[in-house]
Engineer: 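Handing you a structure now.
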Amino acid sequence: MTQKSHTTHHGFFSLLPFFLLNIAGSASGFGSMGPIAAAFGDSGFFCTIDASGKQAVICWGQNTSTASSPSTPSSSQNPSLQIPPMAALAGGDGFLCGILSNNSQPYCWNSNGSSTDLVPPPFVTTSYSHIAAGKNHVCAVRGSYYSASNSGTVDCWDIVWKSDDSSKQSTLFSLTSKQSTLFYNPNVSTLAFTNVVSGDGFSCGGASQGGLVCWGPNSTALGISGVSDNFVALASGLGSVCGISQVSRQVICWGNSSSFLPIPVGTRFVSLAAGAKHYCGIREDDHGVECWGSFDPSSIPKGSGFFAIASSRFVTCGIREVDLVLDCWFTNVSLPHDYDPPLELCSPGLCTPRTCVIGEFTFNASILNEPDLATLCVRKELNICLPCALNCSEGQFPSSSCTANADRVCTACSLCQNSSCLDVCKLQSSAEMEQKHDRQLQRLVLIIVSSVLGITLIVMAWCLLPDIISRKNAEGKKQFASCIGKDDLQKDAITYPSPPVPSTLSLGIAQVFRLSELKDATNGFKEFNELGRGSYGFVYKAILADGRQVAVKRANAATIIRTNNRDFEIELEILCNVRHSHIVNLLGYCAEMGERLLVYEFMPHGTLHDHLHGGLSPLNWSLRLKIAMQAAKGLEYLHSEVVPPIVHRDVKCSNILLDGELGARIADFGLLTPNDRDINGAMKEDVYNFGIVLLEILSGRKTYDRDSTPQSIVDWALPFMRNSKAAALIDRYMALPRNVEPLLRLAEISELALRENPSERPTMSDVAGSLEQLVKDGLVL
């Protein structure tokens, strides 16, 4: 980095006819103060305040360590550099500054440890309530950070890049500081300020008596004049300043327009962050992020709300509102590994002594599920005030409004059950409506074709009915002697018993149902009773005459034609002898009028696929790990305990169902018994497919995602696992547990199951045992 010299003339200042109100604590970036900040330049890096209750500092980026323990401040590559706990952070060019949490004194440092404190001696012991780092200078407002009166005069000092030899090699440059003369102005020195922002050769502050004052050698280039609006937030880039109007909540900018055009129109914001040539803001409605200037908007994470963001030259990082985990995105090019954020929970805002006002909520640390954590602040009397969101992202509706202690809660539209959310959820894009129309048309064609085939089969069955009756009378109770509990003629006078507990289901018990009663139970196999469909046919929800809820699988015409009676009998014999607490167990069947219907236990919570990808309620990490273990136990039973063994051949998330207690049950394994020659290979195929299921559970990503590169989850995940970067696979839309070790172990189990050579893959018993140990350890919250 080459040393830059300032111009020598004194700065111009102007008093604007408006008040600068409430610079948002979550507005971070170049020149702004917040819980997360970024340093500019070739040695750029990020730091943020940890959500440990100790206000420790975490840093990552180029030439900087990527993580620190929750109770230990982060250090750079110099192990002797220890950053003390901070109340607030601000980023400059190659350095960061902050206010110490214990005494409100300033502290500045750079990434390589050559300078640990870049505050001149006259200011080291001074208390400050606000601080802003610019390109080569720092300005701070005098006064205790924790004082109710947060206005005072401004001190400024220069950050000087000094070469250690005549070669001018950037690696030999170090930083030093001195009291500034460039930023001293007698008119400014007598004013009291509530806050300050800094850029390249200028600073601006909100005067306590009202208005905005700008000073420094480059302040005239901003072109600020005749502005009468008030502002709730400001952020400064290298040569520009943007603010959020208090009246319209829209963005207004001054200075070098290349960094902020085109300005978003009609969008309301709550905070801002400034990069070298771009700005980003957090929207008021859903707390989503929007960026403009020299920035690729498609790179911003979709569906995520943020409490705080900060921008460096090319990178923007934020603290997600759903779980306080860091997320970063890049401008136009791939994110370098040096900027991968650590897996830590971060403070969503700044701890302050002020009382939260209307439109804000006090962040409640209890939502982090940390029993030893009562607050995120070092002092009990402090709190974090955050702006309420007014809405939710697409596909969700606000199921509860913002209160004094919690932001609004967003719920998937698939769970909308009353009129209060219909207006929000019924708004679909024209593309979605067109896709829905296409699906309905395809379904109609399928119904027509199925109906024609069904009528044909009924006619054929009617012609063969005498032969069927004769055969039934002759062989009736011999065919399924080990499977049938009562035949259909004996059922008229009996009352159905309650379904037995799955773990105690006895072998050889199944009931024979009449077609008429299953038609009644499914409302004539109507579409609105449909639970799903597959290659076998349709699955319907049914309510029997005695009130039991069951699932009825109805074979389609192709299945009936392809499978003869004897094959169906063999399948029944196998299925009715399969009983396990992690299997969807067969209750009965019907084989009247050419129909083939299987009656199973009803799984009220749908499929694992529905919860991971289909909009049903999300599953926390404890549930995900338990479901993985139980599904493995079900497959282990099929492979190891059933005689002859059953190979599933279609292991996937949509074939893992969840019962009333969210327990996992394996489904759709009928007629999948291999011959002796391929049984071992087929079992290893099940193991491989279950490895994919584990990846979906860990990452929340689909097996194939057309919108991602690579599209295959295996092609995407294996390089991370093989390079010891499995942490990058963890679902970023889930709250992260403090101990991520079990999740990394889950990735290891998946990697073993996905070995290319089948002989190197573990057995399902091995996989189930490893997962059972993770659940027993109880390390996931």
Side-chain angles (χ1 to χ4, degrees), residues 301-304 322 392-399 409-418 421-422 424-429 431-440 442-443 527-536 538-541 549 551 553 584 600 602-628 630-631 650-668 689-690 692-708 711-713 716 729-735:
K302 301 298 188 293
S304 295
V322 66
C392 298
S393 58
E394 186 177 353
Q396 297 180 321
F397 68 93
S399 53
V409 176
C410 294
T411 301
C413 279
S414 59
L415 300 179
C416 176
Q417 297 181 350
N418 54 59
C421 55
L422 288 178
V424 176
C425 293
K426 72 181 180 181
L427 299 177
Q428 301 182 50
S429 67
E432 290 174 334
M433 295 297 291
E434 184 176 349
Q435 291 174 359
K436 182 177 180 181
H437 174 74
D438 291 342
R439 290 195 299 269
Q440 291 174 339
Q442 293 171 0
R443 183 175 295 177
E527 184 179 348
F528 59 81
N529 274 71
E530 186 181 317
L531 294 173
R533 60 181 65 185
S535 58
Y536 181 92
F538 297 83
V539 181
Y540 299 90
K541 180 180 178 180
Q549 291 187 351
K553 183 189 290 187
V584 180
Y600 287 94
F602 176 67
M603 301 290 109
H605 287 295
T607 70
L608 176 59
H609 183 278
D610 295 334
H611 289 267
L612 292 178
H613 315 302
L616 291 188
S617 58
L619 304 167
N620 62 36
W621 289 118
S622 294
L623 276 174
R624 291 194 190 195
L625 201 60
K626 184 190 75 169
I627 288 168
Q630 292 173 339
D650 196 22
V651 177
K652 56 186 179 182
C653 286
S654 57
N655 282 335
I656 298 175
L657 277 56
L658 303 181
D659 61 23
E661 298 180 351
L662 290 174
R665 305 287 197 95
I666 299 294
D668 281 352
N689 290 333
F690 189 70
I692 297 177
V693 169
L694 294 182
L695 279 185
E696 292 188 59
I697 290 173
L698 178 65
S699 68
R701 176 172 165 157
K702 295 179 181 178
T703 303
Y704 290 96
D705 188 346
R706 294 181 179 179
D707 297 329
S708 301
Q711 295 180 348
S712 165
I713 191 174
W716 168 72
L729 306 179
I730 298 175
D731 191 345
R732 286 187 171 272
Y733 294 97
M734 283 293 297

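The model shown is predicted, which means the values in this text are computed figures rather than measured ones.
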Engineer: Can you tell me which residue pairs pass the salt bridge (Lys or Arg N to Asp or Glu O under 4.0 Å) test with a partner in residues 695-704, sequence neighbours excluded?
Structural biologist: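 For residues 695-704, and leaving out neighbouring residues, there are no salt bridge (Lys or Arg N to Asp or Glu O under 4.0 Å) pairs at all.
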Engineer: Considering residues at least two apart in sequence or located in another chain, which fulfil the side chain to side chain contact (heavy atoms under 4.5 Å, CB included) criterion with His605?
Structural biologist: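 Result, side chain to side chain contact (heavy atoms under 4.5 Å, CB included) vs His605: His611, Leu658, Leu662.
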Engineer: With sequence neighbours left out, write down each residue that passes ring-ring contact (aromatic ring centres under 6.0 Å, His included) with Phe690, or none if nothing qualifies.
Structural biologist: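 ring-ring contact (aromatic ring centres under 6.0 Å, His included) list for Phe690, sorted by chain: empty.
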Engineer: Heavy atoms only: give me the nearest Ala631-Ala664 pair and the separation to one decimal.
Structural biologist: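 Ala631 and Ala664 have their closest heavy atoms at N-CB, 3.8 Å.
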Engineer: For residues 606-625, which residue pairs qualify under salt bridge (Lys or Arg N to Asp or Glu O under 4.0 Å), counting only residues two or more places apart or in two chains?
Structural biologist: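 Sorted result for residues 606-625: Arg624-Asp731.
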Engineer: Measuring from Ile692:CD1 to Ile697:CD1, what's the distance to the nearest 0.5 Å?
Structural biologist: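 Result: 12.5 Å between the selected atoms.
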Engineer: Distance from Leu531 atom CG to Lys553 atom NZ, nearest 0.5 Å?
Structural biologist: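 Rounded to the nearest 0.5 Å, the CG-NZ separation comes out at 12.0 Å.
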Engineer: Applying side chain to side chain contact (heavy atoms under 4.5 Å, CB included), name anything that partners Gln549, two or more places apart in sequence or on another chain.
Structural biologist: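 Side chain to side chain contact (heavy atoms under 4.5 Å, CB included) check on Gln549 returns Lys541, Ile543, Phe602.
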Engineer: Taking the side chain as everything from C-beta on, heavy atoms only, tell me whether Ile656 gets closer than 4.5 Å to Arg665.
Structural biologist: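 Of all side-chain heavy-atom pairs linking Arg665 with Ile656, none is under 4.5 Å.
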Engineer: Locate the shortest heavy-atom distance separating Ser654 from Thr607; write the atom from each residue and the value.
Structural biologist: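 Looking at all heavy atoms of both residues, the shortest contact is O-CG2, 3.5 Å.
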Engineer: If I take atom CG from residue Leu625 and atom CG from residue Leu694, how far apart are they, to the nearest 0.5 angstrom?
Structural biologist: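 The distance works out to 9.5 Å.
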Engineer: So Leu608 and Leu619, side chain to side chain contact (heavy atoms under 4.5 Å, CB included) or not? Walk me through it.
Structural biologist: CA-CA 9 Å; Leu608 176 59; Leu619 304 167; 3.8 Å; yes
Engineer: Do the non-hydrogen side-chain atoms of Ile713 and Ser699 ever get within less than 4.5 Å of each other?
Structural biologist: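 Side-chain contact under 4.5 Å: yes.
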Engineer: For Asn655, what residues pass the side chain to side chain contact (heavy atoms under 4.5 Å, CB included) criterion, not counting sequence neighbours?
Structural biologist: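 Asn655 satisfies side chain to side chain contact (heavy atoms under 4.5 Å, CB included) with His648, Asp650, Lys652, Asp668 once adjacent residues are dropped.
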Engineer: Would you please test Tyr704 and Ser712 for side chain to side chain contact (heavy atoms under 4.5 Å, CB included) and show each step?
Structural biologist: CA-CA 5 Å; Tyr704 290 96; Ser712 165; 3.8 Å; yes
Engineer: List the atom of Gln630, the atom of Gly663, and the distance in Å for their closest heavy-atom pair.
Structural biologist: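 So the two residues come closest at OE1-CA, 3.2 Å.
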Engineer: Rounded to the nearest 0.5 Å, what separation is found between the NE2 atom of His613 and the CG atom of Asp705?
Structural biologist: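 Result: 9.5 Å between the selected atoms.
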Engineer: I want to check something: taking the side chain as every heavy atom from C-beta on, are Trp716 and Leu729 in contact at a cut-off of under 4.5 Å?
Structural biologist: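 They are in contact (side-chain heavy atoms under 4.5 Å apart), so the answer is yes.
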Engineer: Just so I know, are the side chains of Leu612 and Cys653 near enough to count as touching, which here means a heavy-atom distance under 4.5 Å?
Structural biologist: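 Side-chain contact under 4.5 Å: yes.
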